[in-house]
S.K.: 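Right, I'll just put the structure down here and ask away after.
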Protein chains: 2
Amino acid sequence: MLHEDVVGRIRAILLDGEIPPGARIPERELCERLQISRTPLREALKVLAAEGLVQLLPHRGSRAAKLTDKDMRDLFEVCQGLEALAGELACERISDAEIGAIGTAHDEMVRHYREGDLIQYYRGNRAIHEAIVAAAGNPALTGLYASVTARIRRARYVTPMTPQRWALAVKEHEAILNALQRRDGAGLSHILRAHLRHKREEVLQAGFAETEANDLGLRIA
Amino acid sequence: MLHEDVVGRIRAILLDGEIPPGARIPERELCERLQISRTPLREALKVLAAEGLVQLLPHRGSRAAKLTDKDMRDLFEVCQGLEALAGELACERISDAEIGAIGTAHDEMVRHYREGDLIQYYRGNRAIHEAIVAAAGNPALTGLYASVTARIRRARYVTPMTPQRWALAVKEHEAILNALQRRDGAGLSHILRAHLRHKREEVLQAGFAETEANDLGLRIA
DNA sequence: TTTTACATTTTTGAATGCAAAATTTGGGAT
DNA sequence: ATCCCAAATTTTGCATTCAAAAATGTAAAA
């Protein structure tokens with residue numbers, strides 16, 4: 001199906017930042033680039049608007065969603081809640097094999113931490129959280145989590161990570177894995193909340209920096 | 001804007017159950033009824049599909065989303081998580097005035113309970129939960145909560161309520177209000193989880209009943 | 001020189017048209 | 001009479017077209 005594919009491709013363009021937040025989305029240009037007519041493109045844009053990645057302005061076109069610092073904090077709070085819920089549910093349902101896989105992923109992530117490879121560390125970090133969400137066995141939750149993380153993904157990766165914060169995050173991840181292995185739902189929920197709260201603080205700082213950069217970029221352009 | 005309006009109208013049609021879950025959505029018919037062409041209708045259907053209210057089948061049209069019991073339980077779990085999160089956040093931010101308003105709504109709900117007016121009781125119940133979510137001051141959370149509750153709303157109201165369960169629900173609501181007034185976030189979160197867990201059990205039973213009814217309806221039709 | 005009013009252009013929003021896929025219908029064979 | 005296969009009809013998906021709104025550019029007046 002064409003329009004499904006289009007949604008994915010535009011989503012990728014937005015998440016890659018190729019169209020930066022706040023920028024206009026030129027229908028005509030995208031139509032040429034994707035070799036489609038305006039009808040499926042517009043359908044895709046409306047789907048993405050429902051997801052929160054695109055803002056539609058009546059008679060003034062669509063723009064890549066521009067998130068304020070407040071928006072970002074709100075989304076992180078929701079993300080925190082969803083991860084905590086996933087952790088609790090996962091403890092009730094997770095299999096030994098899944099715990100083993102997450103343990104392996106964790107060890108890999110720690111290795112990237114020791115090697116100082118932030119990109120790979122983030123990748124592993126994300127994989128672990130996604131594995132926990134998947135282990136909850138709740139597709140509705142998985143879908144919402146995917147939607148929320150997609151909206152904050154870009155900010156997540158511009159986070160300036162200090163050695164102290166990084167060490168803390170790794171330590172928290174040890175505790176997460178531990179609680180999972182003990183299948184301690186309440187404890188895991190608690191840790192995940194604290195874990196994301198720390199992340200949130202990081203991202204808020206990054207958010208300010210990025211906002212300034214964007215403003216600057218807009219003025220230059 | 002036309003298509004925005006169309007989304008709302010079709011959503012209402014679906015939530016009213018005028019097009020029952022699992023039934024085909026006839027484009028042609030709806031176009032005539034809403035006096036619009038197929039383009040905005042199809043845009044609206046894709047938005048509703050992104051919301052989870054409509055299922056799109058390639059080259060086979062769209063159907064009103066048919067939720068399995070598993071889907072229902074999943075959504076209730078997510079709803080539980082969001083309400084618990086909202087409760088925690090609300091405790092940090094809620095004003096005395098908002099607590100007062102919720103207290104008033106609570107008293108009203110209890111009055112409807114005493115009068116045995118289940119419909120009005122449900123209405124008040126929903127208003128309270130929505131007020132708590134609103135008090136969290138997190139629009140992203142509010143939006144997701146609205147989306148999730150929309151999908152389970154119909155099931156919520158077909159719940160067969162026994163006197164015992166009803167009494168328990170009212171009691172739990174007393175505890176919710178109490179925790180809010182004490183601004184005890186952790187406690188409120190705990191209560192809300194238990195509160196919805198009880199509800200979930202009710203709805204699961206109702207879910208089975210409704211499924212049978214739908215099957216029957218499909219066979220007749 | 002600046003501002004405002006108007007015309008032109010561009011872009012958005014919705015309707016229509018057309019090709020492909022699926023469902024339905026009718027005929028024939030078993 | 002039932003089952004199966006093919007043709008006709010309906011419906012879906014996308015492209016194109018048309019109308020309306022906004023942006024832009026120009027010219028005239030203050």
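Here is how names work: the chains are called A, B, and so on, in the same order as the sequence lines, proteins then strands, and each is numbered from 1.
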S.K.: I'd like to know if Glu130(A) pairs up with Arg126(A) as an ion pair, taking the criterion as any Lys NZ or Arg NE/NH1/NH2 lying under 4.0 Å from an Asp or Glu carboxylate oxygen.
M.R.: yes

S.K.: Starting at the 5' end of DNA chain C and moving along, which residue's nearest nucleotide shows up first, Ile25(A) or Arg24(B)?
M.R.: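 Counting from the 5' end, the first nearest nucleotide belongs to Ile25(A).
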
S.K.: Without decimals, in angstroms, what is the distance between Lys46(A) NZ and dT12(C) P?
M.R.: 10 Å

S.K.: Could you tell me how far apart Leu34(A) (CG) and dA15(D) (P) are, to the nearest whole angstrom?
M.R.: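 Rounding to the nearest Å, CG of Leu34(A) and P of dA15(D) are 11 Å apart.
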
S.K.: What pair of heavy atoms forms the shortest contact from Ile191(B) to Glu172(B), and how long is it?
M.R.: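 Between these two residues, the closest heavy atoms are CG2-O, 4.0 Å.
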
S.K.: Under 3.5 Å, is there an N or O donor on one side and an acceptor on the other linking the side chain of Arg38(A) and the base of dG13(C)?
M.R.: yes

S.K.: Distance check needed: dT10(D) C1' versus His59(B) NE2, whole Å only.
M.R.: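 Taking atom C1' of dT10(D) as the reference, NE2 of His59(B) is at 15 Å.
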
S.K.: Check the distance between dA15(C)'s P and Leu41(B)'s CG and give it to me in whole angstrom.
M.R.: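 Going from CG in Leu41(B) over to P in dA15(C) covers 10 Å.
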
S.K.: Ignoring backbone atoms, test whether Arg60(B) places a side-chain nitrogen or oxygen under 4.0 Å from the OP1 or OP2 oxygen of dA21(C).
M.R.: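 Looking at the OP1 and OP2 atoms of dA21(C), neither is under 4.0 Å from any side-chain N or O of Arg60(B).
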
S.K.: Salt bridge check, Asp107(A) against Arg111(A): does any charged N sit closer than 4.0 Å to a carboxylate O?
M.R.: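 Looking at Asp107(A) together with Arg111(A), the answer is no, because their closest N to O distance does not fall below 4.0 Å.
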
S.K.: Is there a donor and acceptor pair, one atom on the side chain of Thr39(A) and one on the base of dA15(D), closer than 3.5 Å?
M.R.: yes

S.K.: Is a salt bridge present between Arg73(B) and Asp69(B), judged by a nitrogen-to-oxygen distance below 4.0 Å?
M.R.: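 So Arg73(B) does not pair with Asp69(B) through a salt bridge.
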
S.K.: Glu29(B) CD to dT12(D) C1': how many Å, rounded?
M.R.: 16 Å

S.K.: How close or far is atom P of dA15(C) from atom CD of Glu32(B), stated in whole angstroms?
M.R.: 14 Å

S.K.: Rounded off to whole Å, could you give me the CG-to-C1' distance for the Asp5(A) and dC14(D) pair?
M.R.: 14 Å

S.K.: Of all the nucleotides listed (dG13(C), dA22(C), dA15(C)), which has the minimum atom distance to the side chain of Ser37(B)?
M.R.: dA15(C)

S.K.: Can you check whether Glu51(A) reaches Arg11(A) side chain to side chain, under 4.5 Å on heavy atoms?
M.R.: yes

S.K.: Rounded to whole Å, how long is the line connecting atom CG of Leu56(B) with atom P of dA22(C)?
M.R.: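 Those two atoms, CG and P, are 16 Å apart.
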
S.K.: Please check the phosphate of dT11(D) (OP1 and OP2 only) for any side-chain N or O of Arg28(B) closer than 4.0 Å.
M.R.: yes

